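None of these values were measured; they are calculated from a predicted model. Chain letters run A, B, ... following the sequence lines, proteins first and then strands; every chain starts at 1.
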2 protein chains.
Amino acid sequence: MTAELGDFREVLHARKLKATRARRLVFQEIVSSSDIHPNASEIHQRLTGRGERVSLASVYRTLGLLVKSGLVSQVDLGEDHSHYESEGAKAGHGHLICLSCGAVKEFSDAHIHRLIGRIGDGRGFELDRFSIQAFGYCERCRTKRSR
Amino acid sequence: MTAELGDFREVLHARKLKATRARRLVFQEIVSSSDIHPNASEIHQRLTGRGERVSLASVYRTLGLLVKSGLVSQVDLGEDHSHYESEGAKAGHGHLICLSCGAVKEFSDAHIHRLIGRIGDGRGFELDRFSIQAFGYCERCRTKRSR
DNA sequence: TTTAATGCAAACATTTTGCACCCTG
DNA sequence: CAGGGTGCAAAATGTTTGCATTAAA
């Protein structure tokens, strides 16, 4: 399940924050491009490219707010800037990142989730959330390489 | 097993790179502070603070080179800059990061390693390495909070 | 109407780079 | 002693912030 516009309004209202045009646009852009894991600049370009007038500063401010609200999460894909994805109901999940073409595929595994929780327990650590980056080569690039 | 100065020389030699003073210092600093996961600026401060004259630019250049050589790995601990740790023999491991005090504890688990490998297999993905960031609250901060 | 949010541009922090000089191999 | 490596300072990135203006509620 992915976060929806309804959740968005609810959360903002609960925090007494305004549901402005810019915020809605940024949020929807992230939700609707969940497969893309866009970064701040990409989000901005997609919006302005589509004719929407939103400043990059607002994109950043909104991203910070959405992350803090738990609607969106910030991911490190090994580049020099952050990427964003809608949080949905997944408390933790991983990314398969291709070292050759940069493609990112998500995965989610209850077993791993449980294991990490248990490892934390054993060390007195209370797990809130986690993120996994698995670097390697995607199917397409592998077949290309071996030919 | 942690990477040693011997590996360092070997790798540099294999790549026809010079084992300069600056490079040795940066490498040793990372190896000897494996528990600290220093960032570029911290490495630089530790060296200059100890009287060694190395520029921050060289620290960055060396870090890039060590990462590319596989002697050191770059970790994202949720801050706005990278941290570094010696790669050693661990092909993949995780970090328990305290959201309250920022302390980082490493863990390594063969079971998780196998699981991630298997998840990759199922998707035609050839795993090279992975990194896990688990955010939550460390023992110390938890007891502090509950008091 | 009131107050928070926006846009702009300037400020910041981190990392990269050009170039003259230096040191390793 | 040749060529890569270094330091320095300037530039490039990515992100944040102050302030006057605009728009939600």
Looking at A:A19, is its backbone amide N or carbonyl O close enough to the side chain of A:R9 to form a donor-acceptor pair, meaning the two atoms are under 3.5 Å apart? no

Determine whether any donor atom in the side chain of B:R61 lies under 3.5 Å from an acceptor atom in the base of D:dG4, or the reverse, and answer yes or no. no

Check whether any side-chain nitrogen or oxygen of A:T20 sits under 4.0 Å from OP1 or OP2 of D:dA23, and answer yes or no. no

Taking only N and O in the side chain of B:R53, is any of them less than 4.0 Å away from OP1 or OP2 of D:dG7? no

Selected nucleotide, minimal atom distance to B:A57 side chain, candidates D:dC8, C:dC8, C:dT15: D:dC8

Nearest whole Å is fine: how far is C:dA4 P from A:R23 CZ? 11 Å

OP1 or OP2 of C:dT16 versus the side-chain N and O atoms of B:Y60: is any pair under 4.0 Å? no

OP1, OP2 of D:dG7 versus side-chain N and O of B:S58: anything below 4.0 Å? yes

Counting the atoms with a prime plus P, OP1 and OP2 as sugar-phosphate, which does B:N39 contact under 4.0 Å by heavy atoms, base, sugar-phosphate, or nothing? nothing

Run the side-chain contact (heavy atoms from CB on, under 4.5 Å) test on A:K105 and B:F125 for me, step by step, so that the C-alpha distance in whole Å, both residues' side-chain angles and the decisive distance to 0.1 Å come before the verdict. CA-CA 10 Å; A:K105 218 182 241 181; B:F125 186 89; over 6 Å; no

Spacing of B:L65 atom CG relative to D:dT6 atom C1', expressed in whole Å: 13 Å

Tell me which nucleotide among C:dG25, C:dG7, D:dG5 gets nearest to the side chain of A:V54. C:dG7

Once you apply a heavy-atom cut-off of 4.0 Å, does B:A22 come out as touching a base, just sugar-phosphate, or nothing? sugar-phosphate

Among D:dG3, D:dG7, D:dA25, which is the nearest nucleotide to the side chain of A:K18? D:dA25

Give the nucleotide from the list D:dC8, D:dT15, C:dA13 with an atom nearest to the side chain of B:D80. C:dA13

Using the benzene-type ring in the case of Trp, are the ring centres of A:H44 and A:Y60 under 6.0 Å apart? no

Heavy atoms only, 4.0 Å cut-off, all strands: where does A:S82 land among base, sugar-phosphate and nothing? sugar-phosphate

Donor-acceptor pair, B:H37 side chain versus B:H83 backbone, under 3.5 Å? no

